[in-house]
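Since the structure comes first, as structure tokens, the remarks are kept for the end.
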Amino acid sequence: LSLKSIFWLLTSILSFLLLLLSTIRLQGQHINTMVKRNATPNGEISIVQWNCQNLYTNLDHFKKYLHQNKHDVLCLQSIGRRPNDLPVIEGFYYPPYYCVGKHRKVAVATYVSVDQSVSRLPSPAPSADHLVITVQIKTSNKHVNITNVYYPEGVKNPAQTEWIRDLEVGQAECVIVGDFNAHHAD
């Protein structure tokens, strides 16, 4: 199998697994949620992944959703705003961890609940092919690395996954979420 085929297979499996998780409809957009068991003192860490395609379009609905549902980490992609325009989200550290892409606009942002102990880990350098942020949630008994990824639409080589080798894993459990813009190649 070629590297491109392997990448397509892995992203397809990841997408399928995310679909098996609880999916919530927000004004025509999907918000994927997952619960990582045994990660915090209460036994769970809740992660939301959302390709928001311009956060401000649905910000009021998203904040209402967050008020009704408790989450520890928000992984957002396709935000489309400058860093100083990122919203404050009640109960989350501000500013969030973010990575700037084309036109100096934020492509990925990771908000972490103020109830969590967090640090940003070194992430692979952003490129035209991918933008990556990794944070580590520290609990009383383990660490969980959460990597938020965005592959811009129209990337010529979506199979380029060398950045995965650059992730600092150590003894932590790892979760990789994001928008890979992986399309089936016929």
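All of these numbers come straight from a predicted model, not from anything done at the bench.
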Does any part of the side chain of Cys52, heavy atoms only, come nearer than 4.5 Å to the side chain of Gln77, both counted from C-beta?
no
Nearest heavy-atom neighbours spanning Gln116 and Tyr93:
O-OH, 3.0 Å
Non-hydrogen side-chain atoms of Val149 and Leu131 separated by less than 4.5 Å
no
By the salt bridge (charged side-chain N to carboxylate O under 4.0 Å, His left out) test, which pairs, at least two apart or in different chains, include something from residues 56-71?
Lys70-Asp115
Side-chain contact, heavy-atom cut-off 4.5 Å: Val114 with Phe92?
no
Could you tell me if the side chain of Val175 sits less than 4.5 Å from the side chain of Asn145, heavy atoms only?
no
Check step by step if side-chain contact (heavy atoms from CB on, under 4.5 Å) holds for Val48 and Val73.
CA-CA 6 Å; Val48 170; Val73 181; over 6 Å; no
Taking the ring centre of each residue, are Tyr65 and His71 less than 6.0 Å apart?
yes
Taking side chain to side chain donor-acceptor pair (under 3.5 Å) as the definition, give me every residue that meets it alongside Ser113, ordered by chain and number, with sequence neighbours left out.
none
Any side-chain heavy atom of Glu173 within less than 4.5 Å of one from His143?
no
When rounded to the nearest 0.5 angstrom, what is the spacing between CD1 in Ile146 and OG1 in Thr110?
8.0 Å
Under the side chain to side chain contact (heavy atoms under 4.5 Å, CB included) test against Cys75, which residue among Val177, Asp179, Thr147 passes?
Val177
Any pair counted as salt bridge (charged side-chain N to carboxylate O under 4.0 Å, His left out), so long as it reaches residues 50-59, sequence neighbours left out:
none
Quick check: closest heavy atoms across Tyr151 and Phe180, and the distance to 0.1 Å?
CB-O, 3.4 Å
When you compare the side chain of Arg120 with that of Thr134, does any pair of heavy atoms fall below 4.5 Å?
no
With sequence neighbours excluded, what pairs up with Pro83 under the side chain to side chain contact (heavy atoms under 4.5 Å, CB included) test?
Tyr98, Val100, Val106
For a quick check under 3.5 Å, do Asn51 and Ser78 share a side-chain donor-acceptor pair by atom type?
yes
Expected output: side-chain Tyr97 to main-chain Leu121 donor-acceptor under 3.5 Å
no
Heavy-atom distance under 4.5 Å between the side chains of Tyr94 and Leu86, does that happen here?
yes
Excluding sequence neighbours, so at least two apart, what forms side chain to side chain donor-acceptor pair (under 3.5 Å) with Ser117?
none
Show the numbers, then the answer: is there a side-chain contact (heavy atoms from CB on, under 4.5 Å) between Asn58 and Trp50?
CA-CA 11 Å; Asn58 291 307; Trp50 182 32; 3.9 Å; yes
Beyond-backbone contact of Tyr111 with Leu76, side-chain heavy atoms, under 4.5 angstrom
yes
On a heavy-atom basis, which atom in Ile79 and which in Val108 lie closest, and how many Å separate them?
CD1-C, 4.1 Å
Not counting sequence neighbours, which residues clear side chain to side chain donor-acceptor pair (under 3.5 Å) with Asp85? List them please.
none
For Ser46, does its backbone N or O pair with a side-chain atom of Asp72 as donor and acceptor, under 3.5 Å?
yes
